[in-house]
Each structure stands twice: as structure tokens, then as C-alpha cells.
Amino acid sequence: MSVVIGMVRPLWFTELLKKLFPYRFVLAKLTRVPVIGRILDNMLFKGDEIYYLPKADVIEINKKVERPEDMVLPYQVAEYFVERASYIFAMNFCICRLSSNCKNYPINIGCLFLGEAAKQIDPRFGRPLTKREALEHLRKAREAGLVHLIGRDKIDSVWLDAKPPSKLLTICNCCPCCCLWKIIPHLSTKIAARIKKMPGVNVKIDYSKCVGCGICADGICFVNAIHMINGKPVITDDCRGCGRCVEVCPQGAIKIIIENRNFLDETIKRISSVVDVT
């Protein structure tokens, strides 16, 4: 497996990003300012197509299946691209958790980057993986309670100086406390729309079971999409279907239902249209 390393970003640039990370919400709000927003869009977000992959432990596909081992699960989208990637690079840290000094989730489980552009990433940041090692990396991330995001993410191409963005696929392993994409509610509508829920995924509340405890609305959601109204949780259109609210509900009143059996193929097709990992 050959590695081509061009001009990598100096380490001071990464240190600068860590210093600026606490101000990411300010930057996100600037995307709503007409002229500045267009500049930031072109620099950091143009061409993005990113999907949350719901956690697999509480999923229903149309109706309860008799053989769970036959169920197609969202994380298989990530596994599909790993199997087809010409090159895989694993970061040995998560820059979001490192910058936030995260105490709740492992800092050493970083993103995976797939495709030819990943060969340009500074080798001091991580290491190349085999396909088997990459799948194991993803399994550990899920076991640690992290949520996968997958797609073309221009910010990664910029800060890692890995180009072109069309040859770099990001698989993030995100926690609810430090994730960069907590900025979604502050971004311009145009940019925020590029970070998406998987097709056919719906999060539903069974109000006959809900007791209005408010746990699901207390900092659990990545994008602040659950609000308590008249003592009951309401899920807004900002929901990206990650499934954390399902996981924390003590009454089992929230469910993720995948109503489109073609959700896997449709997600793969959309991602493949904007980034090539082969």
C-alpha cells in the first residue's frame, strides 16, 4: 500500500484550530450574514453531503422482524464504503473531543478518512488501516456510544489539506457533548440542509407511554431538535435521526422507524454522487 504525502499542514495550524474551537458557534452564526456567509460557504461547506447514521440498538424497519440478524442496519453504509476504499486513514485523536478536553467519551477514537485524498494527511495524526482494522475501529466507536456521521465534509479537506474534497470521505465518530455539528442550529439554512437525516428515517414519540420527564430534551440531541411544550417533548424538523433520544428515554416512548427499505441504497447512492473512495 503506497502512501503519497504532499505538503502537509504545519502542526501550529492544528493548535490554532484547537484554540478556535470554542468559538465555532460564533463562526456558524456568521454564515447567516449575506456576504460573509457566501465566503464561508465556498471556503468550508461547498459540495457537502453528510448523513447521520442512527444508532442501531433501537431500530424498527416497517415492523418488528423475526430474525434480527437479517436486519439491514444504518452503520452498514459506513461498512460499504470501507470495503470499497482504495485507502483508509484513522486519526489517533478526535479534534473535537481533544479541543473540548472531553471527559465523557474516548479522545483516541478519531475519524476515518477514505479515498485517495486521505494519503495527504499528516502521518503524525494517525495511521493507515486495512479494511479489517477499519471495521474494528468503527465497532469500537459504536461500543463507546459514539454516533457515525458520513459523507463529503469540506472542512476536513481544508484543515487536513487533503484534496480534492471529492476524493475524501469522512466517517466521524461523534459524541453529544463535543461534536462540531452542534453548530447546525446556528448555521445558515442552506448550509445546515447539507447535514442530513437518512432517507426514510423517522423519530416518533408514543405519547401514551411518555410521562414528560424531559430527559430527552436535556442536552441529549445534537441539534437541539427536542423541546418541552406543555409538559411533553416535541421533535422538530431539525431532527437528524441519530437515535440518542431513543436510547435515553426511560419509558421506551421514543422510537426510530425506518419506513423505507431502500434507505441503505439511497444513502449510498447520494454519497457516492459527491465523493469517490475507489
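Values below: all heavy atoms of this structure, side chains included; hydrogens, waters and symmetry mates excluded.
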Please name the pair of heavy atoms, one in Ile205 and one in Pro233, separated by the smallest distance, quoted to 0.1 Å.
CD1-O, 3.4 Å
Side-chain heavy atoms of Gln251 within contact of Cys210, under 4.5 Å
no
Here the pair of heavy atoms bringing Cys245 nearest to Ile226 is CB-CD1, 3.4 Å
I would like to know whether Asp122 and Leu160 meet side-chain contact (heavy atoms from CB on, under 4.5 Å); could you show each step before the answer?
CA-CA 7 Å; Asp122 191 324; Leu160 293 168; over 6 Å; no
Which pairs would a plain distance check flag for residues 270-278, meaning a side-chain donor or acceptor within less than 3.5 Å of a matching protein atom at least two apart in sequence or in another chain?
from, atom 1, to, atom 2, distance (Å)
Ser272, OG, Ile268, O, 2.8
Ser273, OG, Arg270, O, 2.6
Asp276, OD1, Thr278, N, 3.0
Asp276, OD1, Thr278, OG1, 2.7
Asp276, OD2, Lys167, NZ, 3.1

Taking Arg127 for the side chain and Pro123 for the main chain, is one N or O donor matched with an acceptor at less than 3.5 Å?
no
Residue pair Leu180, Ile155: steps toward the side-chain contact (heavy atoms from CB on, under 4.5 Å) verdict:
CA-CA 10 Å; Leu180 169 67; Ile155 288 177; 4.0 Å; yes
Would you say Phe45 ends up clustered with Phe113 if hydrophobic residues are merged whenever their side chains have heavy atoms under 4.5 Å apart, either directly or through other cluster members?
yes
One should read off an interatomic distance between Ile191 CD1 and Lys154 NZ, to the nearest 0.5 angstrom, of 11.0 Å
Step by step, work out the side-chain contact (heavy atoms from CB on, under 4.5 Å) result for Cys174 and Leu146.
CA-CA 5 Å; Cys174 296; Leu146 303 173; over 6 Å; no
Please tell me whether Val158 and Ile39 are part of a single hydrophobic cluster in this structure, the criterion being side-chain heavy atoms less than 4.5 Å apart.
yes
Rounded distance (nearest 0.5 Å) linking atom NZ of Lys46 with atom OG of Ser157:
13.0 Å
Check whether any side-chain N or O of Thr31 sits under 3.5 Å from a backbone N or O of Ser188 as a donor-acceptor pair, and report yes or no.
yes
I'd like to check Phe93 versus Ile109 (side-chain heavy atoms, cut-off strictly below 4.5 Å). Are they in contact?
no
So if you build clusters from Ile, Leu, Val, Met, Phe, Trp, Tyr with side-chain heavy-atom gaps below 4.5 Å, do Ile257 and Val248 land together?
no
If you look at every heavy atom in Cys242 and Ile256, which pair is closest and at what distance?
C-CD1, 4.1 Å
Which distance, rounded to the nearest 0.5 Å, do you find between the OH of Tyr51 and the CE of Met198?
9.0 Å
Stepwise, does the side-chain contact (heavy atoms from CB on, under 4.5 Å) test hold for Trp181 with Leu149?
CA-CA 10 Å; Trp181 294 113; Leu149 275 77; 3.5 Å; yes
Is Pro176 close to Tyr105 at the side-chain level, that is, under 4.5 Å between some pair of heavy atoms?
yes
Evaluate whether atom CE of Met43 has more than 12 neighbouring non-hydrogen atoms of other residues, nucleotides or ligands under 6.0 angstrom away.
no
If you take all heavy atoms of Ile121 and Phe125, which pair is closest and at what distance?
CG2-CD1, 4.2 Å
Treating Thr170 as the side-chain partner and Cys172 as the backbone partner, does any N or O pair qualify as donor plus acceptor under 3.5 Å?
no
Same cluster (ILVMFWY, side-chain, under 4.5 Å), Ile229 and Ile235:
yes
Check whether any side-chain heavy atom of Asp153 lies under 4.5 Å from a side-chain heavy atom of Asp156, and answer yes or no.
yes
Spacing of SG belonging to Cys175 relative to CZ belonging to Arg244, to within rounding of 0.5 Å:
7.0 Å
Basic-acidic side-chain contact under 4.0 Å: Glu136, Arg139
yes
Is the shortest heavy-atom distance from the side chain of Pro199 to the side chain of Thr267 under 4.5 Å?
yes
Pairs where residues 198-224 contributes a residue and the test side-chain hydrogen bond (donor to acceptor under 3.5 Å, both in side chains) is met, not counting sequence neighbours
Asn202-Glu259, Lys204-Glu259, Asp206-Ser208
Can you name the nearest heavy-atom pair linking Arg32 to Pro185, along with the distance?
NH2-O, 2.9 Å
Do Glu83 and Lys131 meet the salt-bridge criterion of a basic N to acidic O distance under 4.0 Å?
no
Apply the test side-chain hydrogen bond (donor to acceptor under 3.5 Å, both in side chains) to residues His148 and Arg142: give CA-CA distance (whole Å), side-chain angles for both, the deciding distance (0.1 Å), then the verdict.
CA-CA 8 Å; His148 301 319; Arg142 291 192 294 272; 3.1 Å; yes
Between Phe81 and Leu264, is there shared hydrophobic-cluster membership here, with clusters defined by ILVMFWY side-chain heavy atoms closer than 4.5 Å?
yes
Any non-hydrogen side-chain atom of Cys249 less than 4.5 Å from a side-chain atom of Ile215?
no
Are Ile50 and Ile150 side-chain neighbours, meaning at least one heavy-atom pair lies under 4.5 Å?
no
Determine the minimum heavy-atom distance between Asn173 and Cys111, stating which atoms define it.
ND2-CA, 4.2 Å
Heavy-atom side-chain proximity of Leu187 to Lys29 below 4.5 angstrom
no
Leu17 side, atom CG; Ile95 side, atom CD1 - distance, nearest 0.5 Å:
5.0 Å
Check against salt bridge (Lys or Arg N to Asp or Glu O under 4.0 Å), Glu15 and Lys18:
CA-CA 5 Å; Glu15 291 301 315; Lys18 287 162 59 179; 3.2 Å; yes
Taking Lys269 first and then Glu266, would you say they form a salt bridge - that is, a charged N and a carboxylate O separated by under 4.0 Å?
no
Quick one: pull up CG in Leu168 and NZ in Lys163 and give me the separation to the nearest 0.5 Å.
12.0 Å
Which residue pairs pass the salt bridge (Lys or Arg N to Asp or Glu O under 4.0 Å) test when at least one of the two sits in residues 34-45, sequence neighbours left out?
Asp41-Lys190, Asp41-Arg194
Side-chain (His137) to main-chain (Gly110) donor-acceptor, under 3.5 angstrom:
yes
